[in-house]
Amino acid sequence: MKGIDEPVYITQPLLPDLDSLQNEIKEIFESKWVTNHGIKHNLFENKLKTVLKVNNISVFNNGTIALLTALNALNLSAGSEVITTPFTFPATPHSISWNGLKPVFCDINPETMTINADKIEDLITPETSAILPVHVYGFPCDVKKIDKIAEKYDLKVIYDCAHAFSTEIDGRGIGGFGDISVFSFHATKLFNTIEGGCLAYNDNNLVEKIYNLRNFGIKNEEEVVDIGINGKMNEIQASIGLLNLELFKEEQLKRMEVKKVYTDKLSKIKYINIPKMPENTTDSLQYFPIVIEEDFPLSRNQIYDEFKKYNIFTRKYFYPICSDYENYKNLQSSTADNLPVANNLKNKILCLPLYGDLDKKNVMNICDLLKTFSNLK
Ligand SMILES: Cc1ncc(COP(=O)(O)O)c(C=O)c1O
């Protein structure tokens, strides 16, 4: 089999046309208003409300600062426990810890890879104040069950939607569930502002609180009413967002084509599983994860290494899982007994390259390589 000359990475950022961006930057430079709730910023927030189908949007300079602010805005009691998933990016549990709260890991559902809603109640104690589930790879959490549990125990719910831009469940924007939802607009995300993110929420009472927290707690020129942070998105980021809003749907269509080829070819290979998006959910097409079963001739790690030899860079998302990190491994909830599904999946999961401009030849090469691996032994 022929190798691939150019490296193929897990993703490529969606970037607007340079001339259009230059026009935007020219306007910003002429206005001299480059950050602090500028014209582009406000326009971007308004447009996002429509795209994400939520009442309120607050944009941020990145998704992690947005997540930190969401947890802070909900006034969770100091030192309380937040139930979350270990099968996520470090930003999720770290945001809990940075707020002086304690992450408690809950195992995941083997089908959706999101937090197992049936296991949450067992982890609730008098110290629990919130649940922080993640729509991992854009697979939706069991929002109905989670919201019911939250209501029963009077808990706040913050959804990490970093992988689920534009996802809809039964026609509802995914950002409209729970108390607050957090999106990341990092360059690796389907929709990006290079760095950036937003909070989406329907409760109008949170607007002022989040506005102040994002800007050092400043209410007006003479009043600082909260212990805020600098989470403001600048005008150039907002311009890239406005331009990429025009492009992301076409990017999704192209990714859909790539996904079709992968699905068609790989579903014929024994011991490779392709997790299936539920019928009532649209796919953000953020990632294309596959599960390498134990009976496949090569392990996930061997496949990852083999691909590298062909200049193909897949990702072991998520390995290690958060409960393996030095700072969390000694938590009571980090034991292997508490997290059997996540610990099993972390050794089998592999994300394949997925982006609109991924050459079909490369997609075929990746599939052919997996077919070749499947015939080894
Ligand atoms: C699940 C998840 N949550 C949060 C973040 C943090 O977002 P950001 O990189 O925009 O800070 C990311 C990724 O980057 C993520 O994948």
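Indexing begins at 1, ligand by ligand and atom by atom, following the structure's order.
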F105 to S334 - nearest heavy-atom pair and separation:
CD1-OG, 3.6 Å
Q237 and N61 side chains, donor-acceptor separation under 3.5 Å
no
Distance-only donor-acceptor check, side chains N301 and K316, under 3.5 Å
yes
Name every donor-acceptor pair, under 3.5 Å, that has one atom in a side chain of residues 154-163 and the other anywhere in the protein, sequence neighbours excluded.
| from | atom 1 | to | atom 2 | distance (Å) |
| --- | --- | --- | --- | --- |
| Y159 | OH | D147 | OD1 | 3.1 |
| D160 | OD1 | A162 | N | 3.0 |
| D160 | OD2 | T92 | OG1 | 3.0 |
| H163 | ND1 | Y137 | N | 2.9 |

Between K152 and E121, is the closest basic N to carboxylate O distance under 4.0 Å?
yes
Are there any protein N or O atoms under 3.5 Å from the N or O atoms of ligand 1? List them with distances, or say none.
| from | atom 1 | to | atom 2 | distance (Å) |
| --- | --- | --- | --- | --- |
| ligand 1 | 3 (N) | D160 | OD1 | 3.3 |
| ligand 1 | 3 (N) | D160 | OD2 | 2.7 |
| ligand 1 | 7 (O) | S184 | OG | 3.3 |
| ligand 1 | 10 (O) | G63 | N | 2.8 |
| ligand 1 | 10 (O) | S184 | OG | 2.7 |
| ligand 1 | 11 (O) | G63 | N | 3.4 |
| ligand 1 | 11 (O) | T64 | N | 2.9 |
| ligand 1 | 11 (O) | T64 | OG1 | 2.6 |
| ligand 1 | 14 (O) | K189 | NZ | 2.9 |
| ligand 1 | 16 (O) | H163 | NE2 | 2.8 |

Can you tell me which residue among E235, E27, E45 is in a salt bridge (Lys or Arg N to Asp or Glu O under 4.0 Å) with K40?
E27
